[in-house]
Structure formats: structure tokens, C-alpha cells
Amino acid sequence: MSQDQTGATAEHASIAWSDFEKVVLCAGTVLQVEEFPQARKPAWKLWVDFGPYGTRKTSAQIRHLYAAEDLVGRQIVGVINFPPKQIGPFVSEFLLTGFPTEEGVVITTIERPVPNGTRLA
């Protein structure tokens, strides 16, 4: 794989600040979690309050590490400006961010409370 002058590979090419600003990464609080038995891999349905952006729902394959009761009330980080995505009978309205590990996805959470809808800076 070729590298540019910064040492970045094509897979990890540098982006402009204006590119990063297009991604709306916001804090939200998990309000509700439900089973998603129709999912191909074990997943939860989550409803998250993003403050001025409203309540949005998503499906997340995080059941290996998180019980429903562990998620309600927790602040997470979501990408809220992707178009809705049909996942079986469910429409996902945001992307829950996290880090894949061998045990499962570790969700991106917030160390201290911030207002729902606060954008990552």
C-alpha cells in the first residue's frame, strides 16, 4: 500500500477539518432498550435522547457485553447524520459508536454528563 508524505496509507489518508465537521457526533442518553429477535446476530434496539435533535433509534450488536439494564440511563456517542438504514423490520436512525474487541463491541461512552445533543469537538 502506498503512503503519502505524512506516512498515511490510502486506507488511512488524511482528511481536511471540513470533512470531520460533516460528521455529527453527539452525546445522547439511552432511554429504552428492547430485544431484537429478528436480527441475524444478537442485537438490541435502543432509543436515545439527543436533546435538540430528538429521540432516535438504532440497532446495535452489543449484547455480548451489555445487558439492557446496563444501558438505560447511560450517555453514549452517536453519529446522527447518516441516512436511515433498514435492518430487517427495523429502521436505524443513527450509528452507535464503539470499538470492536474479541469479546464484542465496547461502546463509546462519556466520562462526565453533558447536555444531550452536545457535539463532539
Side-chain angles (χ1 to χ4, degrees):
M1 200 173 288
S2 65
Q3 292 186 345
D4 67 14
Q5 292 177 343
T6 67
T9 63
E11 182 180 331
H12 298 102
S14 296
I15 63 170
W17 182 255
S18 60
D19 292 327
F20 176 72
E21 289 179 316
K22 293 176 188 174
V23 181
V24 182
L25 284 153
C26 290
T29 301
V30 178
L31 300 174
Q32 179 181 344
V33 179
E34 290 183 5
E35 300 271 344
F36 191 7
Q38 300 91 344
R40 281 185 258 162
K41 295 181 181 178
W44 292 118
K45 294 181 198 176
L46 286 83
W47 283 261
V48 176
D49 176 5
F50 285 105
Y53 301 104
T55 298
R56 299 188 182 206
K57 61 186 178 179
T58 195
S59 148
Q61 296 174 359
I62 57 173
R63 289 186 65 160
H64 288 98
L65 295 180
Y66 301 95
E69 57 271 13
D70 296 332
L71 294 167
V72 174
R74 183 174 263 188
Q75 275 198 306
I76 56 84
V77 177
V79 178
I80 64 167
N81 63 328
F82 281 129
K85 181 177 181 180
Q86 188 76 42
I87 302 172
F90 189 74
V91 176
S92 181
E93 300 171 330
F94 77 94
L95 173 70
L96 177 64
T97 61
F99 300 90
T101 69
E102 289 183 15
E103 293 80 33
V105 175
V106 176
I107 60 173
T108 308
T109 59
I110 298 172
E111 177 208 6
R112 297 178 192 190
V114 298
N116 289 331
T118 301
R119 282 189 70 175
L120 182 72

Let me have the donor-acceptor pairs involving side chains of residues 60-68, under 3.5 Å, with sequence neighbours excluded, atom names and distances please.
from, atom 1, to, atom 2, distance (Å)
Arg63, NH1, Glu35, OE1, 2.8
Arg63, NH2, Glu35, OE1, 3.4
Tyr66, OH, Ile107, N, 3.1

Distance-only check: which donor-acceptor pairs under 3.5 Å involve side-chain atoms of residues 22-32, not counting sequence neighbours?
from, atom 1, to, atom 2, distance (Å)
Thr29, OG1, Asn116, OD1, 2.7
Thr29, OG1, Asn116, ND2, 3.4
Gln32, NE2, Glu34, OE2, 2.6

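Listed by first and then second residue, the ring pair (Phe, Tyr, Trp, His ring centres under 6.0 Å) pairs involving residues 25-46 are Phe36-Phe90 (not counting sequence neighbours). Among pairs with a residue in residues 93-121, those fulfilling ring pair (Phe, Tyr, Trp, His ring centres under 6.0 Å) read Phe50-Phe94, at least two apart in sequence or across chains. The stretch residues 39-51 participates, sequence neighbours left out, in no salt bridge (Lys or Arg N to Asp or Glu O under 4.0 Å) pair at all. Residue pairs meeting the salt bridge (Lys or Arg N to Asp or Glu O under 4.0 Å) criterion with at least one partner in residues 108-121, sequence neighbours excluded, do not occur; the list is empty. The salt bridge (Lys or Arg N to Asp or Glu O under 4.0 Å) analysis of residues 91-104, with sequence neighbours excluded, yields no pairs. Residue pairs that meet the side-chain hydrogen bond (donor to acceptor under 3.5 Å, both in side chains) test with at least one member in residues 51-60, sequence neighbours left out, are Thr58-Ser92.
Residues Val79 and Leu46 fall into different hydrophobic clusters, defined by Ile, Leu, Val, Met, Phe, Trp and Tyr side chains chained together at heavy-atom separations under 4.5 Å.
Taking the ring pair (Phe, Tyr, Trp, His ring centres under 6.0 Å) definition, one finds that Phe20 meets it with Trp17, sequence neighbours left out. With sequence neighbours excluded, no residue forms a side chain to side chain donor-acceptor pair (under 3.5 Å) with Thr109.
Between Ile110 and Ile76, every side-chain heavy-atom pair lies at or beyond the 4.5 Å cut-off.
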